[in-house]
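What follows is a short report on a single structure.
The figures that follow rest on heavy atoms only: side chains count, while hydrogens, waters and symmetry mates do not.
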Amino acid sequence: GKSIGNGFPLAMCVTTPEVAEAFADSSLHFNTFGGNAIACSAGLATLKAIEEDNLMENCRVVGDKFLRGFNTLREKYEFVGDCRGLGLFLAMEMVENKTTKQGSTPVPLQRTS
């Protein structure tokens, strides 16, 4: 994931202590460049910007607005099933039938002029 490094190739893994302990004596690892000072600086700078610019709250506010809009569409259209998410991780489920929640058949997009 590049988002945690704001474009810099950086990844992270969040887990419970129990899962982490299971890998303690293993040769498996979760990263290639772990401990790289530049990667750590990029990650810290990104986390600092997220905090200083209040981006978590902004994601909550904007996500709530999108979800309200999605739910308005769900009430209006039969092909919109469930709408769910948190922050800006949102989903709108397209269905053939709202009662059975049978998924819709993909339709190829067509270019319009």
Partners meeting salt bridge (Lys or Arg N to Asp or Glu O under 4.0 Å) with Lys76 (sequence neighbours left out)
none
In Å, rounded to the nearest 0.5 Å, how long is the span from CD1 of Ile50 to CE of Met56?
7.5 Å
Heavy-atom closest pair, residues Leu88 and Cys59:
CD1-SG, 3.8 Å
Report whether Met94 and Leu67 are members of the same hydrophobic cluster (ILVMFWY, side-chain heavy atoms less than 4.5 Å apart, transitive linking).
yes
Worked check of salt bridge (Lys or Arg N to Asp or Glu O under 4.0 Å) between Arg68 and Asp64
CA-CA 6 Å; Arg68 284 193 303 272; Asp64 287 351; 5.1 Å; no
Does the distance from a Lys or Arg side-chain N to an Asp or Glu carboxylate O, for Lys48 and Glu51, drop under 4.0 Å?
no
Can you tell me how far the NZ atom of Lys101 sits from the CD atom of Glu96, to the nearest 0.5 Å?
15.5 Å
Would you say Val80 and Val95 make side-chain contact, with heavy atoms under 4.5 Å?
no
What's the spacing between Leu47 CG and Glu52 CD if we round to 0.5 Å?
11.0 Å
Test: ring pair (Phe, Tyr, Trp, His ring centres under 6.0 Å). Region: residues 79-113. Which pairs qualify, not counting sequence neighbours?
Tyr77-Phe79
Scanning both residues in full, the closest heavy-atom pair of Gly5 with Ala42 reads O-CB, 4.2 Å
Show the nearest heavy-atom pair for residues Glu78 and Lys98, with the distance to one decimal.
O-CG, 3.4 Å
Taking everything shown except Leu86 itself, do over 12 heavy atoms lie less than 6.0 Å from its CG?
no
Take Ile38 and Phe8 through the test side-chain contact (heavy atoms from CB on, under 4.5 Å) and record every step on the way to the result.
CA-CA 9 Å; Ile38 297 172; Phe8 191 89; 3.5 Å; yes
Residues, nucleotides or ligands: over 12 heavy atoms within 6.0 Å of Glu21 CD:
no
Side chain Asn71, main chain Arg74, donor-acceptor under 3.5 Å:
no
Which heavy atom in Met92 sits nearest to a heavy atom in Cys83, and how many Å separate them?
CG-SG, 4.0 Å
Residues that Phe66 engages under ring pair (Phe, Tyr, Trp, His ring centres under 6.0 Å), provided they are two or more places apart:
none
For the side chain of Asp53 and the backbone of Leu55, is there at least one donor-acceptor N/O pair under 3.5 Å apart?
no
